[in-house]
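What follows is a single structure, written as structure tokens, with notes after it.
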Amino acid sequence: MGSAIDLAAAVRTGARSARSITEEHLAAIDAREGEIHAFNLVTRDQALAAADAVDAAVARGEDPGPLAGVPVALKDNLCTRGIPTTCSSRILEGWRPPYDATVVERVLAAGGIPVGKTNLDEFAMGSSTENSAFGPTRNPRDPSRVPGGSSGGSAAAVAAGFAPLALGSDTGGSIRQPAALCGVVGVKPTYGAVSRYGLVAFASSLDQIGPFANSVDDAALLLDVISGHDPLDSTSIAAPPTSLRAAGGDVAGLRIGIAVELTEADGIAPEVRTAVERAAEALVAAGATVERISVPSAVYGLSAYYLIAPAAASSNLARYDGVRYGLRSPGVDVAEMNAATRDAGFGDEVKRRIMLGTYALSAGYYDAYYGQAQRVRTLIIRDLAAAYERVDALISPTAPTTAFPFGAKTADPLAMYLSDVCTIPTNLAGHPAMSVPFGLGADGLPIGVQVLAPALGETVMFRVARAIEAAGESA
Ligand code: GLN
């Protein structure tokens with residue numbers, strides 16, 4: 001159905017109508033959504049109205065913007081004014097946000113067409129979308145496999161052709177890992193590069209919003225639209241929006257490191273490691289130099305994350321008390337109502353995180369757990385800073401394996417957590433990283449190569465990603 005860039009160009013010149021493009025994607029959703037379950041809600045009427053508004057603007061001789069008429073799927077933890085936003089949790093049942101997230105506003109202002117709210121692991125906690133209260137999403141490449149998570153619905157929507165673009169959120173890998181498992185591009189920007197205003201908080205010092213797309217160029221198009229300072233997010237960086245579309249794919253003279261610990265960690269499938277090595281060879285062929293770089297403390301990233309993220313979650317999720325949002329279960333007094341609501345409204349994984357986090361923050365344990373995890377976080381930042389004195393970017397696997405079958409890891413939370421061993425260190429550091437499809441595993445399913453860069457290093461990251469994408473296409 002064409003790239004997002006081509007579709008927007010066609011709409012801007014009047015060669016195609018936004019309505020016909022939107023109808024085409026809604027038809028694709030009708031044909032296969034019953035099987036895939038990428039969406040919690042398809043906002044058909046709103047999408048068609050937005051498309052008509054874009055077409056009317058073109059008819060008046062106005063330019064609707066860089067996303068003119070392009071369908072965009074929104075993860076269902078992004079606030080949409082008047083439209084249910086569930087985080088795939090029962091506790092938000094019936095809640096309609098009174099405002100749009102900044103990214104949603106920017107998509108609309110750029111002429112983009114939101115087509116629906118995509119499924120996720122409840123409150124973005126998970127790596128397979130199996131933790132959704134509304135049932136899992138299936139991987140369009142093989143419906144017997146998970147799409148990854150937590151932004152599994154957004155990744156699947158793009159992979160299935162339901163929308164050329166989608167937005168997700170990434171706290172420990174939730175954009176990159178599902179992108180890898182579904183064979184699409186997924187980007188976690190630098191912390192603060194994209195406004196978090198209107199993103200339902202999971203772990204506020206780690207959460208970032210970013211794009212999914214079928215190509216590096218399309219991902220650049222959407223990231224350019226959503227990035228840039230926002231006074232409504234106090235952690236937003238006072239930098240102008242990116243211009244990644246213009247960055248090109250020239251890697252001649254760039255120094256690139258293979259992140260040793262992330263590529264050789266336990267559980268990384270040999271075929272995934274081989275894909276990273278082949279990507280490295282392709283970068284050398286394109287004129288870059290490649291060396292192996294050690295980031296020693298990266299191996300502790302997962303442990304630190306599973307203290308810091310649950311600690312933040314236990315605090316952020318305290319607001320779901322049966323009073324301010326959605327669900328309320330009765331009780332004889334307020335405390336019992338709070339407890340009954342939270343018991344009925346939260347799923348097992350969310351409860352597990354709240355308990356882990358509350359424990360890690362409790363008096364007497366705080367320094368041993370939370371404090372220690374923060375010190376590990378500092379070490380990771382230092383090790384990555386040392387690495388980036390020697391190289392411009394790093395590469396590694398995105399995920400240890402290709403997409404796994406449903407149920408394969410649900411009984412063993414640690415096995416599930418290990419899905420993010422390669423992606424978590426960049427969240428702890430606040431750095432950007434992205435996943436680019438590169439080759440297939442023995443099961444015929446896609447493998448993702450991760451490109452990592454220092455804070456605000458998106459331009460170099462996109463150049464490397466383009467070179468890997470180009471090599472993958474010709475391989
Ligand atoms: N899978 C990780 C977790 O469960 C990361 C989730 C995310 O990035 N939102 O916490």
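What you are looking at is a predicted structure, and each value in this text was computed from that prediction instead of being measured. Excluded from the calculations below are hydrogen atoms, water molecules and symmetry mates; all remaining heavy atoms, backbone and side chain alike, are included. The residues of the chain are indexed from 1 along the displayed sequence. All ligand and atom numbering here is 1-based and tracks the order in the structure.
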For residues Tyr99 and Tyr197, establish whether the separation of their ring centroids is below 6.0 Å. yes

Is the contact between Tyr417 and ligand 1 made by the side chain, the backbone, both, or neither, using heavy atoms and a 4.0 Å cut-off? neither

Over 60° means perpendicular and under 30° means parallel, so classify the ring planes of Tyr320 and Phe123, tilted if in between. tilted

Please work out, at 4.0 Å between heavy atoms, whether the side chain, the backbone, both, or neither of Lys75 comes within that distance of ligand 1. neither

Close N or O approach (Phe202, ligand 1; < 3.5 Å): no

What are the atoms of ligand 1, with element, lying closer than 4.0 Å to any heavy atom of Tyr305? 2 (C), 3 (C), 5 (C), 6 (C), 10 (O)

Do any N/O atoms on Ser127 end up under 3.5 angstrom from N/O atoms on ligand 1? yes

Determine, using heavy atoms of Arg353 and all atoms of ligand 1, whether some pair is separated by less than 4.0 Å. yes

On the 0 to 90° scale, with breaks at 30° and 60°, tag the Tyr359-Tyr369 ring pair as parallel, tilted or perpendicular. tilted

Can an N or O of Met125 be found at a distance shorter than 3.5 Å from an N or O of ligand 1? no

Pull out every atom of ligand 1 sitting under 4.0 Å from any heavy atom of Tyr306, numbered as shown with elements. 2 (C), 3 (C), 4 (O), 10 (O)

Close approach of Ala309 to ligand 1, heavy atoms, under 4.0 angstrom: no

Please identify which of these residues, Thr171, Asp207, Asp170, meets the side-chain hydrogen bond (donor to acceptor under 3.5 Å, both in side chains) condition with Asn427. Asp170

Could you tell me which non-hydrogen atom of Pro189 sits nearest to which non-hydrogen atom of Val194, and how far apart they are? CG-CG2, 3.8 Å

